[in-house]
Amino acid sequence: MSIDDTTASAITTTTTDDDSTANQEKIATTPSSKPRITWSDSYTKAQTAIESLSAILPYIPPSLAASETPAFSLLHDAEIAAQISRLLRQNDSGSGDNNLCRWLYDTFQSSEPDLHLVVLKFLPIIAGVYLSRVALHKPLAGFEAVLLALYAHETTTRNGQPITVSVPDLSHSSIYHETKQTAKNTSVELNIAVISPSLEPHGTVRSTRRARIIGVALELYYSKISQMPINSKIDFCEFCQIWAGEDGDVYKDGSNSSGGSEEENSPTVKRGKEGRICLPWDLLQPILRILGHCLMGNHKDKELYEAACGACRSLYARSVHDINPNAILATGSLLNLVKMNSKVEDDFDHTEIVHTNTITL
């Protein structure tokens, strides 16, 4: 649906004599001191995005074009997601003249939060295909434009500042416990931990800054992850296994002991090296946050949970293979969560009060 010139002029009209005409134009009645408005800007932008997408995809469901909440419908439409996913995974996707990449870029540049979610939904596929093809030295300017748009948005939102948290200094005694030690001062000192370093504007994707740019895009994805559809998270978990390039089935029983490296070297372990990438901390840190949400989210989906478990096992196997202490500790902690969850009955509620006549002393 598009707004023609007649409707556009009616939007700015402050008074009218014909109430029926106003209703046909969908103009809301407001006091004479305020201008009358029609459909919100977000509705118009979402409809425009759908019209542009219809020239790229072979089929647009009629229910999508007729939806009263087009951005929400675009975000959760399974048929549209399947078509876009197939196009993004094609061998010639990601080039500078790719129409779908241009649509994703223009849609995100609309500065509409609801449309931002639509683009972020496909970030796992964009980042996954892009990182898997970097070593092939193929032109991927289309993917890079979308990733740079996400990075620039996050840089502007944060004003280039780092994300930090304050951690209490454990050398000071707790105020809730008695101690014989003399307090160093009346105030508790805080240690500042940097979760995400400061951001600098970048106009191109170079090999030295690639992990940082994609990592920041994943940080943006994580900040909106509660609004992301399940299929998008499952795609992310599957690409994590591809990026790790290691088969983590040897840790399927929840074991992450030091003996895992011997099992990893066994000839029975299969390794998928295709798609394997470098995993610096700038990239691995947001990956682990997203996987943590997939494991511990409030609305646990069985398929998503299993995909996240497989991703954690593969990343742990990769960390052991690389002998990366930080990565081993982080991925091992996620595996411990998986192990604890596997021992808890699915229907058991720790908050439920058990009624019994037995008194335990």
Side-chain angles (χ1 to χ4, degrees), residues 123-137 140 143 147 163 193-197 205-219 221-222 233-296 306-340:
L123 177 60
I125 301 178
I126 294 172
V129 176
Y130 173 73
L131 288 174
S132 301
R133 295 179 181 175
V134 163
L136 302 178
H137 302 288
L140 301 170
F143 285 154
L147 294 171
I163 298 177
V194 179
I195 296 179
S196 179
V205 181
R206 296 181 180 177
S207 58
T208 55
R209 63 180 67 146
R210 180 180 295 117
R212 180 64 179 145
I213 291 173
I214 298 178
V216 170
L218 292 176
E219 290 174 2
Y221 180 88
Y222 174 73
K233 302 174 188 179
I234 292 176
D235 288 337
F236 177 81
C237 295
E238 292 175 350
F239 274 109
C240 285
Q241 291 182 279
I242 296 174
W243 294 339
E246 297 288 340
D247 190 344
D249 286 346
V250 293
Y251 306 107
K252 201 166 187 178
D253 59 351
S255 173
N256 54 352
S257 61
S258 58
S261 59
E262 295 179 0
E263 295 177 343
E264 185 195 15
N265 294 327
S266 172
T268 60
V269 178
K270 298 179 181 178
R271 299 179 182 177
K273 300 299 184 182
E274 185 178 357
R276 178 191 182 104
I277 64 171
C278 294
L279 290 172
W281 190 244
D282 284 338
L283 189 59
L284 186 59
Q285 190 178 33
I287 287 176
L288 296 179
R289 290 182 205 162
I290 297 172
L291 290 178
H293 167 87
C294 296
L295 290 173
M296 306 299 293
E306 291 298 327
C309 290
C312 291
R313 291 191 293 265
S314 295
L315 288 173
Y316 180 78
R318 170 65 182 274
S319 302
V320 172
H321 178 271
D322 293 348
I323 317 179
N324 186 335
N326 290 337
I328 291 174
L329 178 62
T331 53
S333 298
L334 291 180
L335 284 185
N336 285 333
L337 290 177
V338 175
K339 186 176 181 179
M340 288 188 294

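With rounding to the nearest 0.5 Å, the separation of CG in N324 from CG in L315 is 11.0 Å. With rounding to the nearest 0.5 angstrom, the CG atom of L131 is 8.0 Å from the CG atom of L147. Between the CH2 atom of W243 and the CD atom of E238 there is a distance of 11.5 Å, given to the nearest 0.5 Å. Remark: F143 CZ to L123 CG distance equals 11.0 Å, nearest 0.5 Å. With values rounded to the nearest 0.5 angstrom, K339 atom NZ is found 15.0 Å from L334 atom CG. Atom OG1 of T331 is separated from atom CG of L279 by 10.5 Å, given to the nearest 0.5 angstrom.
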Give the C-alpha distance, both sets of side-chain angles, the deciding distance and a yes or no for side-chain contact (heavy atoms from CB on, under 4.5 Å) between Y130 and V205.
CA-CA 12 Å; Y130 173 73; V205 181; 3.4 Å; yes

Candidate pair C237 and C294, rule side-chain contact (heavy atoms from CB on, under 4.5 Å), full reasoning:
CA-CA 9 Å; C237 295; C294 296; 4.2 Å; yes

For side-chain contact (heavy atoms from CB on, under 4.5 Å), just list the numbers for V320 and Y251, CA-CA rounded to whole Å, side-chain angles, deciding distance to a tenth of an Å, and then say yes or no.
CA-CA 12 Å; V320 172; Y251 306 107; 4.1 Å; yes

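In plain terms, the two heavy atoms of C240 and A311 that are nearest each other are CB-CB, 3.8 Å. The shortest non-hydrogen separation linking C278 to R318 is CA-NH2, 3.9 Å.
Residues satisfying the side chain to side chain donor-acceptor pair (under 3.5 Å) criterion with Y222, sequence neighbours excluded, are absent altogether. The salt bridge (Lys or Arg N to Asp or Glu O under 4.0 Å) search around R212 returns E219, not counting sequence neighbours.
Side-chain contact between I242 and I277: absent, with no pair of heavy atoms (C-beta onward) separated by less than 4.5 Å. Side-chain contact between I287 and F239 is absent, with no heavy atoms from C-beta onward closer than 4.5 Å. Side-chain contact between I195 and R289: present, with at least one pair of heavy atoms (C-beta onward) separated by less than 4.5 Å. Side-chain contact between D322 and I328: absent, with no pair of heavy atoms (C-beta onward) separated by less than 4.5 Å.
Ring pair Y221/F236 is parallel by interplanar angle, where below 30° counts as parallel and above 60° as perpendicular.
The existence of a salt bridge linking D247 and R276 is excluded, since no basic side-chain nitrogen approaches an acidic carboxylate oxygen closer than 4.0 Å. For the pair R313 and E246, the salt-bridge criterion is not met [side-chain N within less than 4.0 Å of a carboxylate O].
Shown here is I323, whose CD1 atom has no more than 12 heavy atoms of other residues, nucleotides or ligands within 6.0 Å.
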